[in-house]
Number of protein chains: 2
Amino acid sequence: MALTNDQTVEIAEIFRLMGDPTRLRILIYCLDGPVAVGDLAQATGASPSLVSHHLRLLRAARILRAERRGKKVYYDAADDHIRTVVGDMIDHVAEPAEDGED
Amino acid sequence: MALTNDQTVEIAEIFRLMGDPTRLRILIYCLDGPVAVGDLAQATGASPSLVSHHLRLLRAARILRAERRGKKVYYDAADDHIRTVVGDMIDHVAEPAEDGED
DNA sequence: TTAATACATGAACATGTTTTCATATATTAA
DNA sequence: TTAATATATGAAAACATGTTCATGTATTAA
């Protein structure tokens with residue numbers, strides 16, 4: 001499959017955003033359903049401010065989406081592709097190395 | 001699925017490496033079969049030196065693997081998970097936005 | 001051995017990113 | 001309105017990364 005330059009850059013941008021451990025932790029916590037910012041901060045051990053900064057990036061890239069309910073804002077995966085990509089990668093790491101590699 | 005901290009960091013590292021446009025282009029060219037370094041440089045428009053630097057990172061993370069044949073060194077995807085992850089992401093970008101997003 | 005080709009590597013520059021801290025905004029309750 | 005909770009944001013500090021250039025190593029052929 002051939003990609004345009006814009007598509008390549010867009011994909012790289014999504015991978016890049018997934019490529020920071022703090023942000024990836026936040027993302028993974030959001031894969032199973034909406035989670036509030038404060039809960040993400042608690043779960044990840046990052047400050048609410050830092051979590052909020054990361055959430056903004058993830059949201060801007062349409063990796064996550066936000067929904068306010070009262071005082072809290074809940075974030076969850078923007079679509080199933082995101083879940084699939086992260087799921088595949090988890091499988092990749094969970095599996096033992098394949099034959100033939102050096 | 002619960003991940004250890006090491007696993008999370010390992011996954012983030014792989015995503016991070018896929019998250020640079022030059023490196024992603026190199027990776028995508030390697031998905032369909034072994035490609036020599038010089039051909040990757042030509043195809044991507046990057047210098048052989050830069051391609052080599054990127055290949056070293058991709059190889060160290062076991063995203064690609066190398067095989068020398070005479071003077072040339074051929075790189076290809078280390079396993080099918082890599083192909084799957086990139087393929088999923090291409091689908092993600094190729095598809096129109098889903099319902100319900102803001 | 002020498003030369004030519006193909007790739008790899010170290011150092012340095014330029015740029016970009018993550019994180020913290022202080023402060024601002026939104027929502028609800030009193 | 002005031003206070004309390006929850007989240008967002010701007011700026012700066014600390015740190016990391018991509019790229020280039022010069023040079024080094026491997027392989028083959030003469």
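Below, read A as the first sequence line, B as the second, and so on, with proteins coming before strands; counting in each chain starts at 1. Remember, predicted model here, so these are calculated numbers, not experimental data.
Backbone-only engagement by B:Ala36 is indicated by non-hydrogen atom pairs under 4.0 Å involving sugar-phosphate atoms exclusively.
Taking atom OH on A:Tyr75 and atom P on D:dA6, their separation rounds to 15 Å, with Å as the unit. In this structure, B:Arg56 places its CZ atom 13 Å from P of D:dG18, rounding to the nearest Å. Per the geometry, CG belonging to A:Leu64 stands 14 Å off P belonging to D:dT7, to the nearest Å. At whole-Å resolution of the value, CD in B:Gln42 and P in C:dT5 are 15 Å apart. Protein atom CD of B:Glu67 is 18 Å distant from nucleotide atom P of C:dA6, rounded to whole Å. Between B:Leu40 atom CG and C:dA6 atom C1' there is a gap of 13 Å when expressed in whole angstrom units. Rounding to whole angstrom units, CG of residue A:Leu55 and C1' of C:dT18 are separated by 14 Å.
A:Tyr75 is linked by a ring-ring contact (aromatic ring centres under 6.0 Å, His included) to nothing, counting only residues two or more places apart in sequence or in another chain.
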Quick one: side chains of residues 40-52 of chain A, donor-acceptor pairs under 3.5 Å with protein atoms, not counting sequence neighbours, listed by atom name and distance.
from, atom 1, to, atom 2, distance (Å)
A:Thr44, OG1, A:Leu40, O, 2.8
A:Thr44, OG1, A:Ala41, O, 3.4
A:Thr44, OG1, A:Ala46, N, 3.2
A:Ser47, OG, A:Leu50, N, 3.0

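Judged by distance alone, with hydrogens and angles left aside, the side-chain atoms of A:Arg83 form no donor-acceptor pair with the main-chain N or O of A:Val86 at under 3.5 Å. Between the side chain of B:Asp79 and the backbone N or O of B:Ile82 there is at least one donor-acceptor pair closer than 3.5 Å.
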Measure all distances between protein nitrogen or oxygen atoms and nitrogen or oxygen atoms of nucleotides 21-30 of chain C, and list the pairs falling under 3.5 Å.
from, atom 1, to, atom 2, distance (Å)
C:dC21, N4, A:Ser49, OG, 2.7

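Under 4.0 angstrom from either OP1 or OP2 of D:dT17 there lies no side-chain N or O belonging to B:His54. Residue A:Tyr74 places no side-chain N or O under 4.0 Å from the OP1 or OP2 atom of D:dA6.
In terms of position on DNA chain C, the residue among B:Val51 and A:Ser47 whose nearest nucleotide sits closer to the 5' end is B:Val51.
Within the structure, ring-ring contact (aromatic ring centres under 6.0 Å, His included) contacts touching residues 18-61 of chain A (residues at least two apart or in different chains) do not occur. For residues 12-27 of chain A, the salt bridge (Lys or Arg N to Asp or Glu O under 4.0 Å) pairs, not counting sequence neighbours, are A:Glu13-A:Arg16.
Among the nucleotides C:dC7, D:dA8, C:dT18, the one closest to the side chain of B:Val73 is C:dC7. In the set C:dT18, C:dT9, D:dG18, the nucleotide with an atom closest to the side chain of B:Leu57 is D:dG18.
The distance from atom CG of B:Asp76 to atom CG of B:Leu27, rounded to the nearest 0.5 Å, is 11.0 Å. Between the CG atom of A:Leu57 and the CZ atom of A:Arg59 there is a distance of 12.5 Å, given to the nearest 0.5 Å.
Considering every non-hydrogen atom in both A:Leu64 and A:Cys30, the closest pair reads CD2-CB, 3.7 Å.
Of all the residues in residues 14-23 of chain A, A:Arg16, A:Asp20, A:Thr22, A:Arg23 reach under 4.0 Å from DNA chain C with at least one non-hydrogen atom.
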